[in-house]
Amino acid sequence: MIDLHTHTILSDGELLPSELVRYAQVAGYEAIGLTDHVDSSNIDFVLPRLVKVCGVLNSHWPIISIPGVEITHAPIEEIKQLVRYARRNGARIVIVHGETVSEPVMRGTNRAGIEAGADIIAHPGFITQEDARLAAKRGVLLELTTRRSHSRTNSHVVKTAMQAGARLVINTDSHSHESFITDSQRKHVLKRLGLKNGQIAAIDIASRKFL
Ligand SMILES: [Zn+2]
Ligand SMILES: [Zn+2]
């Protein structure tokens with residue numbers, strides 16, 4: 001199993017990166033993305049630490065740790081610059097914290113993340129058809145989430161992505177090991193969203209691109 005979106009104490013998660021990765025390994029994960037919240041205040045603090053610890057963990061443990069960032073509530077005008085900074089400084093997963101309905105995310109953030117060339121728009125809320133089409137064209141992945149606060153719009157995201165031809169991923173957005181899920185829970189969530197086996201396999205393939 002692969003999870004491309006989690007948080008550690010380097011932002012608002014509860015565990016050290018090593019602790020979270022260790023729990024993920026025990027839970028049966030093949031790979032885990034450490035993608036702490038960043039904006040212009042802390043990207044230069046968080047990212048090198050995640051790059052460093054992922055390097056250390058990857059040299060000792062079989063689970064693959066992938067350094068990344070989640071650009072969160074940044075002004076729309078700053079997103080492109082932050083995406084570029086993240087890529088130049090070793091982020092292998094660049095997420096933009098999308099327009100979830102559970103937080104006052106600035107309208108236009110989904111679009112700005114897609115145009116900036118993020119890898120994933122996390123919990124994109126009621127993403128528009130137009131933005132989903134642009135995501136499809138640019139190869140930006142749209143996220144389904146098991147995080148309770150953000151998951152209310154999963155059905156909308158599935159429907160909109162399917163119509164637009166955009167690709168999906170599913171992540172836990174874990175802030176501690178307690179939010180990890182099993183492979184069967186993951187499949188259950190995707191099936192309840194109406195996805196067929198072939199579509200679930202496509203999600204797995206999309207996630208593997210980051211390994
Ligand atoms: Zn958070
Ligand atoms: Zn997150």
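First listed ligand is number 1; within each ligand, the first listed atom is number 1.
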Student: Just give me the atom name: the N, O or S atom of D12 closest to the Zn ion (ligand 1).
Tutor: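 Of all N, O or S atoms in D12, the Zn ion (ligand 1) lies closest to OD2.
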Student: For residues L15 and I9, determine if any side-chain heavy atom of one lies less than 4.5 Å from a side-chain heavy atom of the other.
Tutor: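 When only atoms from C-beta onward are counted, I9 and L15 do not touch, as no gap falls below 4.5 Å.
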Student: Does the side chain of E115 come within less than 4.5 Å of R138's, by heavy atoms?
Tutor: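 Touching, per the 4.5 Å side-chain cut-off.
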Student: Holding to ring-ring contact (aromatic ring centres under 6.0 Å, His included), I want the full list of residues that pass it with Y29, two or more places apart in sequence or in another chain.
Tutor: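 With sequence neighbours excluded, Y29 shows a ring-ring contact (aromatic ring centres under 6.0 Å, His included) to F180, given in chain and number order.
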Student: Which hydrophobic side chains are connected to V101, either touching it within the sub-4.5 Å cutoff or through other members that do?
Tutor: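 Hydrophobic cluster check, V101: joined to F126.
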Student: Quick one: list whatever passes ring-ring contact (aromatic ring centres under 6.0 Å, His included) with H37, sequence neighbours left out.
Tutor: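 In terms of ring-ring contact (aromatic ring centres under 6.0 Å, His included), with neighbours along the sequence ignored, H37 is linked to H7, H175.
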Student: Measure the shortest side-chain to side-chain distance between L142 and I120 over non-hydrogen atoms and say whether it is less than 4.5 angstrom.
Tutor: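 L142 does not reach I120 side chain to side chain.
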Student: Just the protein N/O/S atoms under 2.8 Å from the Zn ion (ligand 2), please, no waters.
Tutor: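 You should have found H5 NE2, H7 NE2, E70 OE1, D173 OD1.
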